[in-house]
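Here is the structure we will look at, set down as structure tokens.
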Amino acid sequence: MKTLVQHATIVSDNHRFTGNVVIENGKIAFISQEPLSAETFDEVIDAQGLLMLPGVIDTHVHFRDPGFTHKGDMATESRAAAAGGVTTVMDMPNTLPATTSEEALLEKSHLAAEKSVIRMGFYLGATRENAPRLSTIDPSLYCGVKVFLGASTGGMLLDEDEVLDNVFKTAPKPIVAHCEDQEILTILYIRARGEYSLGDAPIALHSQLRPAKACISATQRAIALAEKHGTRLHIAHVSTAEELRLIAEASDNITAEACPNYLLFCEDDYQRLGARIKCNPAVKTAADREELRKGLADGRIYTIGTDHAPHRLSEKRGGALRAASGIPMVQFSLPVMLDFVAQGFLSYEQVVTLMCHHPAELFGLSQRGYVRQGYEADFVLVAPHSPWTLTPNKILSRCNWSPLEGHTFHHRVVSTYIGGRKVYG
Ligand code: DOR
Ligand code: ZN
């Protein structure tokens with residue numbers, strides 16, 4: 001099978017140019033800026049006027065499979081991802097069973113082979129129990145180690161000094177850390193439960209129950225450990241300006257992930273969107289959001305991950321104490337980031353660096369994350385200047401809601417390919 005993608009505006013390697021891409025045996029065989037005769041190909045894709053980007057690599061999703069498949073599973077969420085131009089995801093360990101053992105990793109990879117339409121990698125969750133034998137678990141089964149320094153959905157937590165120190169010292173793969181200080185959270189929650197003894201607290205209180213200082217304190221702790229041991233550390237879902245500053249000042253082995261949630265929303269939005277934007281860490285001030293947006297363009301942010309965390313709308317009912325935390329986003333992160341290009345504060349090249357190149361580099365994914373000769377033919381075709389409005393009927397995630405309903409995007413994902421095979425469009 002030989003495919004020609006013709007007249008595409010290719011964005012890769014910090015560069016944008018019009019070209020033709022030859023795909024053979026699932027790989028990019030050749031890229032030419034000269035016209036190629038269509039006759040010798042089995043399939044010709046006309047990409048005139050379309051952007052051709054490497055498939056998005058979303059290194060932070062919760063696909064809920066196994067165990068919480070009423071919220072979503074690998075079949076539904078991978079289709080949502082494909083519709084958003086995402087070709088690879090890395091799935092978090094707070095499933096049931098939790099992904100904390102070789103058996104659980106194997107179960108997930110079998111499920112993915114059966115159900116997923118995109119490529120999937122899996123995190124190994126670090127716990128007090130598996131920490132002593134972390135290095136005995138086959139590293140080819142997982143992409144990175146997830147450490148929750150503060151508990152969130154699922155209650156996974158690792159905040160004891162000695163155990164954490166050992167994990168940072170011995171992890172054979174990058175550590176991705178959820179940074180909220182559990183001690184600070186516990187005190188605030190106990191106080192709130194006392195004060196609101198009849199059940200719930202107003203949703204806007206969420207950002208006070210999980211305040212900036214909890215994030216900053218845990219990020220400082222994680223940075224200190226990574227500096228001590230030279231660990232490759234990626235701080236997940238950075239939500240404050242101060243954490244961004246701390247990470248930028250730290251060594252090069254320590255990097256930041258930003259999520260659309262914190263780039264789009266802030267505390268002021270609880271009034272409009274309620275628990276739909278409840279997530280952990282909580283969204284912070286408009287000033288934090290502004291600084292995170294700046295960090296996209298100036299290099300302080302290394303990757304974009306979505307923290308795609310679907311819950312049923314019925315589970316999102318209630319306020320700061322009762323509503324489930326988490327926001328579905330995997331289908332819309334690329335259009336969100338391309339909106340920033342349309343608004344003029346990011347370039348296409350920067351979006352591709354943040355969403356494709358850097359995630360591939362971080363996890364050492366070979367032959368992925370770029371449109372390059374010899375690389376996997378994982379790519380997405382996008383129509384610029386093609387406005388569309390998000391309505392529930394367009395949502396492929398099982399939960400079937402989005403905090404972005406009613407939003408009009410400037411760019412539209414036309415089709416998505418993995419190994420030269422169309423998975424969406
Ligand atoms: O808001 C969140 N939801 N934060 C997390 O850390 C976990 C996630 C989930 O799994 O629902
Ligand atoms: Zn997460």
Side-chain angles (χ1 to χ4, degrees), residues 58-74 77 81 89-100 108 121-126 143-159 175-182 185 189 203 206-207 209-210 214-215 218-219 222 234-239 256-262 264-265 269-270 273-284 303-330 333 359 397-399 401-403:
D58 185 343
T59 64
H60 191 158
V61 304
H62 300 261
F63 276 7
R64 307 302 192 200
D65 208 348
F68 301 104
T69 52
H70 66 286
K71 298 175 195 275
D73 70 6
M74 290 187 193
E77 306 316 289
V89 294
M90 297 183 185
D91 188 53
M92 286 298 172
N94 56 339
T95 43
L96 190 67
T99 323
T100 53
K108 272 198 176 173
F122 307 101
Y123 286 94
L124 175 67
C143 58
V145 175
K146 178 69 184 287
V147 175
F148 285 92
L149 281 96
S152 184
T153 307
M156 200 178 266
L157 177 66
L158 208 178
D159 73 338
I175 290 184
V176 173
H178 178 123
C179 290
E180 291 184 283
D181 185 315
Q182 189 58 39
L185 301 185
Y189 271 92
I203 183 63
H206 184 59
S207 294
L209 284 173
R210 305 187 81 105
C215 300
T219 288
H234 197 47
I235 311 266
H237 38 48
V238 171
S239 61
E257 172 194 77
C259 303
N261 300 345
Y262 310 94
L264 290 167
F265 308 119
D269 295 315
Y270 286 120
L273 292 161
R276 287 188 177 218
I277 57 160
K278 185 185 184 211
C279 56
N280 300 331
V283 299
K284 304 294 191 307
T303 68
I304 300 296
T306 56
D307 198 3
H308 176 74
H311 294 283
R312 280 189 180 169
L313 261 187
S314 58
E315 296 165 322
K316 296 289 281 179
R317 272 195 221 120
L321 296 176
R322 287 222 178 129
S325 297
I327 303 175
M329 192 56 76
V330 75
S333 57
S397 282
R398 177 162 288 154
C399 67
W401 64 272
S402 165

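Just so you know, ligand 1 is whichever comes first in the structure, and atom 1 is the first atom listed for that ligand.
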Backbone of [Y] reached by a side-chain donor or acceptor of [X] within 3.5 Å:
X: T219; Y: C215; value: yes
X: K71; Y: R64; value: no
X: K316; Y: G326; value: yes
X: K146; Y: V176; value: no
X: H311; Y: S325; value: yes
X: E77; Y: R398; value: yes
X: Y123; Y: T59; value: yes

query: Of H237, H308, H178, R64, which has the heavy atom at the shortest distance from atom 11 (O) of ligand 1?
result: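 Ranked by closest heavy atom to atom 11 (O) of ligand 1, first place is R64.
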field: Protein heavy atom at shortest distance from atom 3 (N) of ligand 1
entry: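 Minimum-distance protein heavy atom for atom 3 (N) of ligand 1 reads S325 O, 3.0 Å.
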message: To check your reading of the model: name the closest protein heavy atom to atom 1 (O) of ligand 1, its residue, and the distance in Å.
response: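 Going by distance alone, atom 1 (O) of ligand 1 is nearest to N280 N, 2.8 Å.
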Answer with side chain, backbone, both or neither: which part of [X] has a heavy atom less than 4.0 angstrom from an atom of ligand 1?
X: S152; value: side chain
X: C279; value: both
X: K278; value: neither
X: M156; value: neither
X: N94; value: side chain

message: No waters, cut-off 2.8 Å: how many protein N, O or S atoms are close to the Zn ion (ligand 2)?
response: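 The number of such protein atoms is 3.
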query: Roughly how far, to the nearest 0.5 Å, is CG of D159 from CG of D181?
result: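 Rounded to the nearest 0.5 Å, the CG-CG separation comes out at 7.5 Å.
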task: Could you tell me whether the side chains of N94 and T153 share a donor-acceptor contact shorter than 3.5 Å?
output: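 Note: N94 and T153 side chains miss the donor-acceptor criterion.
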message: At less than 4.0 angstrom from any non-hydrogen atom of H311, what atoms of ligand 1 do you find?
response: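 What qualifies from ligand 1 is 11 (O).
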field: Atoms in ligand 1 with a heavy atom of A309 nearer than 4.0 Å
entry: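 Listed by number with element: 3 (N), 8 (C), 9 (C), 11 (O).
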query: Should the pair H60 and H237 be assigned to parallel (<30°), tilted (30 to 60°) or perpendicular (>60°) ring geometry?
result: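 If you compare the ring of H60 with that of H237, the planes turn out tilted.
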Carboxylate-amine/guanidinium contact R210 E180, below 4.0 Å: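 A salt bridge is present here (some side-chain N lies under 4.0 Å from a carboxylate O).
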